[in-house]
A.B. asks: 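Could you have a look at this structure, given as structure tokens, before my questions?
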Amino acid sequence: MLEKGKISAFQMGLMMYPTVLASGFLVLPTITAQFAQNDLWLTGILAALTGLITVYTVTQLHELYPGQTVVQYSEQILGKIPGKVIGLAYITYNLHATGGITRQYAEFVTGNFLYKTPLLIIMGSLILLSAIAVHGGVETLARSTVIFLPVFIFPVFFLLLLLPDLDVKAIFPVLNHGVIPVIKGSFSMMGWMNELFLMTFFLPYVTDPEKGRKWGYISMISIVLFLTYSSLIALFLLGPNLGSRVYPILIAFRYVSVGSFLENLESLLLAMWVIGNFLQVGIFLYAATLSFAQCFQLADYRPIVFPLALLSLIIGIWDVPNFPVFGFLVRSAVPFHILSTYLLIPLLLLAVASLRKRKTSRKEG
């Protein structure tokens with residue numbers, strides 16, 4: 001086995017939390033509001049259904065093929081050549097996602113805090129730290145999540161200080177434009193929720209895999225509640241036109257002011273952003289590295305961690321020319337890429353595996 005470390009289902013559930021939210025909580029309110037407007041908070045319902053399907057699919061596949069990731073059991077389900085093609089698809093997508101997340105992180109930092117710092121410095125420092133954690137193994141990633149996750153969660157409660165300034169009436173009228181805008185707005189959130197399929201790269205190393213589905217569902221529900229909470233805060237503060245704001249949560253943090261001693265809380269948001277993206281990039285890079293090692297049957301994945309980290313850095317720099325193009329891709333293309341990679345392919349694998357199991361049981365019967 002490539003990975004010697006072991007984690008608990010609880011730790012895996014915690015790891016999925018920043019995996020989805022680190023890049024989602026800043027951009028999803030804007031994207032969903034552009035379609036659903038004041039009904040953006042309803043998009044979480046449809047996204048939750050997608051999350052349920054994703055968690056069920058990944059855990060069901062693991063029950064059928066225990067101790068294996070999607071790269072390994074895809075060859076058993078579809079055959080060697082189609083399985084290798086799927087493995088290459090996951091390598092490519094996870095590397096591309098690692099570079100994209102790193103680029104998004106750097107664009108936010110340089111656009112709002114470190115204006116004169118080159119993108120390469122910010123991207124390189126983040127991916128280097130994440131690569132060091134990945135080189136340490138799954139236990140290092142899990143323990144880093146347990147230690148740093150409170151820093152990612154706690155600052156959002158400061159937004160409750162905005163309660164006197166919030167206009168709850170902004171939520172009305174509900175469904176004034178019908179259900180279709182809500183469905184359109186939910187596609188982006190659905191895409192982010194499908195990232196829960198990354199559990200496939202950690203379930204083989206869970207000491208209590210029978211609890212994997214439970215903690216996957218708990219993580220999914222927590223993510224939906226977090227996104228709904230942040231969307232409602234942004235809606236009540238900025239109104240239904242928040243879709244025109246690039247980072248509404250950043251505006252909300254800057255708006256917090258208690259007397260003359262509690263101000264400029266955007267530094268807390270920056271801390272959330274750094275910690276969350278460190279964990280998210282580490283998890284995606286780990287998935288890419290493990291996929292590569294399993295697809296090409298390497299004896300150890302650690303020697304390729306830093307070369308793949310460098311490759312993802314190059315992808316993040318050269319793949320997108322500027323921030324407007326990156327924003328367009330995040331709104332339009334990325335959700336469908338995630339849906340196809342983390343939902344449609346796994347559903348296909350589960351369907352074929354179930355049919356094969358039925359045929360086998362009939363022959364034995």
Side-chain angles (χ1 to χ4, degrees), residues 1-7 12 19 53-99 134-135 137-138 141 191 194-206 209 212-213 216 283-312 315 336-365:
M1 187 176 287
L2 287 170
E3 177 62 68
K4 306 297 183 183
K6 293 292 182 181
I7 61 174
M12 182 191 67
T19 299
I53 296 172
T54 302
V55 173
Y56 175 81
T57 302
V58 67
T59 52
Q60 190 66 22
L61 283 168
H62 184 261
E63 288 179 8
L64 294 173
Y65 302 93
Q68 299 183 45
T69 70
V70 63
V71 177
Q72 295 170 310
Y73 55 65
S74 60
E75 293 187 28
Q76 296 187 30
I77 295 172
L78 300 178
K80 187 171 184 180
I81 295 178
K84 290 291 185 184
V85 172
I86 289 180
L88 290 172
Y90 278 100
I91 295 169
T92 303
Y93 180 78
N94 288 328
L95 278 175
H96 194 273
T98 304
V134 172
H135 192 272
V138 67
L141 283 173
N194 290 143
E195 291 177 347
L196 289 166
F197 186 74
L198 286 169
M199 290 168 56
T200 184
F201 297 103
F202 300 99
L203 281 169
Y205 315 113
V206 170
R213 183 172 296 172
I283 290 168
F284 271 93
L285 181 60
Y286 179 83
T289 305
L290 197 63
S291 299
F292 190 98
Q294 290 175 344
C295 186
F296 294 100
Q297 299 179 346
L298 302 182
D300 189 10
Y301 69 88
R302 287 174 174 81
I304 61 172
V305 170
F306 291 103
L308 290 182
L310 178 61
L311 178 59
S312 64
I315 292 172
F336 294 97
H337 291 168
I338 303 175
L339 281 167
S340 59
T341 307
Y342 291 150
L343 182 62
L344 296 183
I345 292 177
L347 284 175
L348 172 65
L349 292 173
L350 181 59
V352 175
S354 300
L355 289 173
R356 284 193 167 187
K357 186 178 180 181
R358 287 182 183 179
K359 287 183 179 180
T360 305
S361 60
R362 286 178 182 177
K363 289 180 180 180
E364 292 177 354

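Only heavy atoms go into these numbers, but all of them, side chains included; no hydrogens, no water, no symmetry mates.
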A.B. asks: Walk me through it: do Val58 and Leu196 pass the test side chain to side chain contact (heavy atoms under 4.5 Å, CB included)?
C.D. replies: CA-CA 9 Å; Val58 67; Leu196 289 166; over 6 Å; no

A.B. asks: Out of curiosity, Leu95 CG to Phe292 CZ, how far, rounded to the nearest 0.5 Å?
C.D. replies: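 Atom-to-atom, Leu95:CG and Phe292:CZ are 8.5 Å apart.
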
A.B. asks: Roughly how far apart are His62 NE2 and Arg213 CZ, rounded to 0.5 Å?
C.D. replies: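 Here the interatomic distance stands at 11.5 Å.
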
A.B. asks: To check you understand the geometry: which heavy-atom pair defines the closest contact between Ile338 and Gly191, and what is its length?
C.D. replies: CG2-O, 2.7 Å

A.B. asks: Passes side chain to side chain contact (heavy atoms under 4.5 Å, CB included), Ile53 versus Leu347? Steps please.
C.D. replies: CA-CA 9 Å; Ile53 296 172; Leu347 284 175; 4.1 Å; yes

A.B. asks: Identify the two heavy atoms, one from Gly212 and one from Thr59, that lie closest to each other, and give their separation to 0.1 Å.
C.D. replies: C-CG2, 4.2 Å

A.B. asks: Side chain of Lys84, backbone of Cys295: donor and acceptor closer than 3.5 Å?
C.D. replies: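 Such a contact is found between Lys84 side chain and Cys295 backbone.
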
A.B. asks: I'd like to check Ile7 versus Phe202 (side-chain heavy atoms, cut-off strictly below 4.5 Å). Are they in contact?
C.D. replies: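 Yes, their side chains come closer than 4.5 Å.
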
A.B. asks: Can you name the salt bridge (Lys or Arg N to Asp or Glu O under 4.0 Å) partners of Lys357, sequence neighbours left out?
C.D. replies: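 Counting only residues at least two positions away or on another chain, Lys357 forms no salt bridge (Lys or Arg N to Asp or Glu O under 4.0 Å).
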
A.B. asks: With ring centroids as reference points, do Tyr93 and His337 lie under 6.0 angstrom apart?
C.D. replies: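 Ring centroids of Tyr93 and His337 are no less than 6.0 Å from each other.
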
A.B. asks: With rounding to the nearest 0.5 angstrom, report the CD1 to CG distance, Ile77 to Leu349.
C.D. replies: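 One gets 4.5 Å once the value is rounded to the nearest 0.5 Å.
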
A.B. asks: Before you tell me yes or no, could you show the steps for Tyr90 and Ile345 under side chain to side chain contact (heavy atoms under 4.5 Å, CB included), namely the whole-Å CA-CA distance, both residues' side-chain angles and the distance that decides it to 0.1 Å?
C.D. replies: CA-CA 10 Å; Tyr90 278 100; Ile345 292 177; 3.7 Å; yes

A.B. asks: Classify the angle between the aromatic ring planes of Phe284 and Tyr342 as parallel (below 30°), tilted (30 to 60°) or perpendicular (above 60°).
C.D. replies: tilted

A.B. asks: Which value, rounded to the nearest 0.5 Å, describes the distance between Phe201 atom CZ and Thr69 atom OG1?
C.D. replies: 5.5 Å

A.B. asks: Quick check: do Thr98 and Leu311 have side-chain heavy atoms less than 4.5 Å from each other?
C.D. replies: no

A.B. asks: When rounded to the nearest 0.5 angstrom, what distance separates CG in Leu308 from OG in Ser312?
C.D. replies: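 Here the interatomic distance stands at 7.5 Å.
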
A.B. asks: To the nearest 0.5 Å, tell me how far Thr54 OG1 sits from Phe197 CZ.
C.D. replies: 8.5 Å

A.B. asks: Run through Val70, Leu61, Leu290 and flag the one making a side chain to side chain contact (heavy atoms under 4.5 Å, CB included) with Thr200.
C.D. replies: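 In the set Val70, Leu61, Leu290, the residue that makes a side chain to side chain contact (heavy atoms under 4.5 Å, CB included) with Thr200 is Val70.
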
A.B. asks: Would you indicate whether the side-chain heavy atoms of Phe306 and His135 approach each other to under 4.5 Å?
C.D. replies: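 Of all side-chain heavy-atom pairs linking Phe306 with His135, at least one is under 4.5 Å.
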
A.B. asks: For Leu198 and Asn94, what are the C-alpha separation, side-chain angles and deciding distance, and is it a side chain to side chain contact (heavy atoms under 4.5 Å, CB included)?
C.D. replies: CA-CA 10 Å; Leu198 286 169; Asn94 288 328; 4.1 Å; yes

A.B. asks: Holding to ring pair (Phe, Tyr, Trp, His ring centres under 6.0 Å), I want the full list of residues that pass it with Tyr56, two or more places apart in sequence or in another chain.
C.D. replies: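 Tyr56 satisfies ring pair (Phe, Tyr, Trp, His ring centres under 6.0 Å) with no other residue.
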
A.B. asks: Among Ile304, Leu88, Val71, exactly one meets side chain to side chain contact (heavy atoms under 4.5 Å, CB included) together with Phe296. Which residue is that?
C.D. replies: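 Single side chain to side chain contact (heavy atoms under 4.5 Å, CB included) partner of Phe296 among Ile304, Leu88, Val71: Leu88.
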
A.B. asks: For the backbone of Thr57 and the side chain of Gln60, can you confirm whether one donor and one acceptor N or O come within less than 3.5 Å of each other?
C.D. replies: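 A pair under 3.5 Å: no.
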
A.B. asks: By the side-chain hydrogen bond (donor to acceptor under 3.5 Å, both in side chains) test, which pairs, at least two apart or in different chains, include something from residues 299-311?
C.D. replies: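 As it turns out, the side-chain hydrogen bond (donor to acceptor under 3.5 Å, both in side chains) pairs with a partner in residues 299-311, which skip direct neighbours, are Glu3-Tyr301.
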
